[in-house]
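Residues take their numbers from the sequence shown, with the count starting at 1.
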Amino acid sequence: QVHPVFAQVFNSGDLNAILAMYEPKAGMDAEAGKFVQGQEAIREVFAGFLALKGTIAVKTTRCVQVGELAVLHGSWTLAGKGPDGKPVNLSGKTTEVVRRQPDGTWRYVIDLPAE
């Protein structure tokens with residue numbers, strides 16, 4: 001259920017809603033070799049992706065849950081437009097660790113979108 005919700009939130013373009021899917025101290029591999037931590041750093045990463053005004057699709061290929069933690073594996077595609085107006089198509093495989101919150105929702109703890 002995490003990936004479809006993430007795609008819906010991302011495609012809405014609501015940066016605050018995206019950040020609400022991350023724990024306050026979550027970490028993210030922003031690009032190869034650049035790991036960032038905390039919602040403000042993750043905000044900067046997603047601001048760049050949202051600037052593409054694109055649409056993301058995420059497919060879950062595997063989910064392993066133990067108690068309140070789960071590891072997700074998947075693939076994603078993002079089709080948008082660069083600053084010059086030319087089409088931009090990105091894709092990758094992802095591995096994430098998510099934690100179930102007291103209200104039953106899941107939030108990202110570790111997000112590695114470029115596996």
Item checked: Verdict with reasoning, Leu50 to Ile18, per side-chain contact (heavy atoms from CB on, under 4.5 Å) -> CA-CA 10 Å; Leu50 290 177; Ile18 293 171; 3.9 Å; yes

Item checked: Partner set under salt bridge (Lys or Arg N to Asp or Glu O under 4.0 Å) for Arg43, not counting sequence neighbours -> Glu40

Note to self: Which residues pass the salt bridge (Lys or Arg N to Asp or Glu O under 4.0 Å) test with Glu68, not counting sequence neighbours?
What the structure shows: Arg100

Looking only at heavy atoms, which two atoms of [X] and [Y] are closest? And how far apart?
{"X": "Asp111", "Y": "Glu96", "value": "OD1-CG, 3.5 Å"}
{"X": "Val45", "Y": "Ala30", "value": "CG2-CB, 3.5 Å"}
{"X": "Ile42", "Y": "Ala26", "value": "CD1-O, 3.7 Å"}

Notebook entry, point to check: Partners of Thr61 by side chain to side chain donor-acceptor pair (under 3.5 Å), sequence neighbours excluded?
Noted result: none

Linking I/L/V/M/F/W/Y whenever their side-chain heavy atoms sit closer than 4.5 Å, directly or via other members, would [X] and [Y] fall into one cluster?
{"X": "Trp106", "Y": "Val5", "result": "yes"}
{"X": "Val2", "Y": "Ile110", "result": "no"}
{"X": "Phe46", "Y": "Leu112", "result": "no"}
{"X": "Val109", "Y": "Leu19", "result": "no"}

Note to self: Can you confirm whether Phe49 is buried at CZ, in the sense that more than 12 heavy atoms of other residues, nucleotides or ligands lie under 6.0 Å from that atom?
What the structure shows: no

Next item on the list: For Gln65, look at atom CD and say whether over 12 heavy atoms of other residues, nucleotides or ligands are found less than 6.0 Å away.
Entry: yes

Check: So do the side chains of Arg107 and Tyr22 get within less than 4.5 Å of each other, counting heavy atoms only?
Finding: no

Check: Quick one: NZ on Lys93 to NZ on Lys59, what's the gap to the nearest 0.5 Å?
Finding: 9.0 Å

Counting only pairs under 3.5 Å, give me each side-chain donor-acceptor contact of residues 72-91, with atom names and distances, residues two or more places apart or in other chains.
{"from": "His73", "atom 1": "ND1", "to": "Thr95", "atom 2": "OG1", "distance (Å)": "3.2"}
{"from": "Trp76", "atom 1": "NE1", "to": "Pro113", "atom 2": "O", "distance (Å)": "2.7"}
{"from": "Asp84", "atom 1": "OD1", "to": "Lys86", "atom 2": "N", "distance (Å)": "2.9"}

Next item on the list: Could you list the residues that satisfy side chain to side chain contact (heavy atoms under 4.5 Å, CB included) with Leu69, not counting sequence neighbours?
Entry: Val97, Arg99

Next item on the list: Check the pair Gln39, Glu23 against side chain to side chain donor-acceptor pair (under 3.5 Å), reporting the backbone distance first and the verdict last.
Entry: CA-CA 8 Å; Gln39 286 190 341; Glu23 290 191 353; over 6 Å; no

Next item on the list: Can you sort out the partners of Phe35 under ring pair (Phe, Tyr, Trp, His ring centres under 6.0 Å), two or more places apart, ordered by chain and number?
Entry: none

Checklist line | Between Ser12 and Asp14, a side-chain donor and acceptor under 3.5 Å | finding: no

Checklist line | Flag, side chain of Asn11 to backbone of Ile56, donor-acceptor distance under 3.5 Å | finding: yes

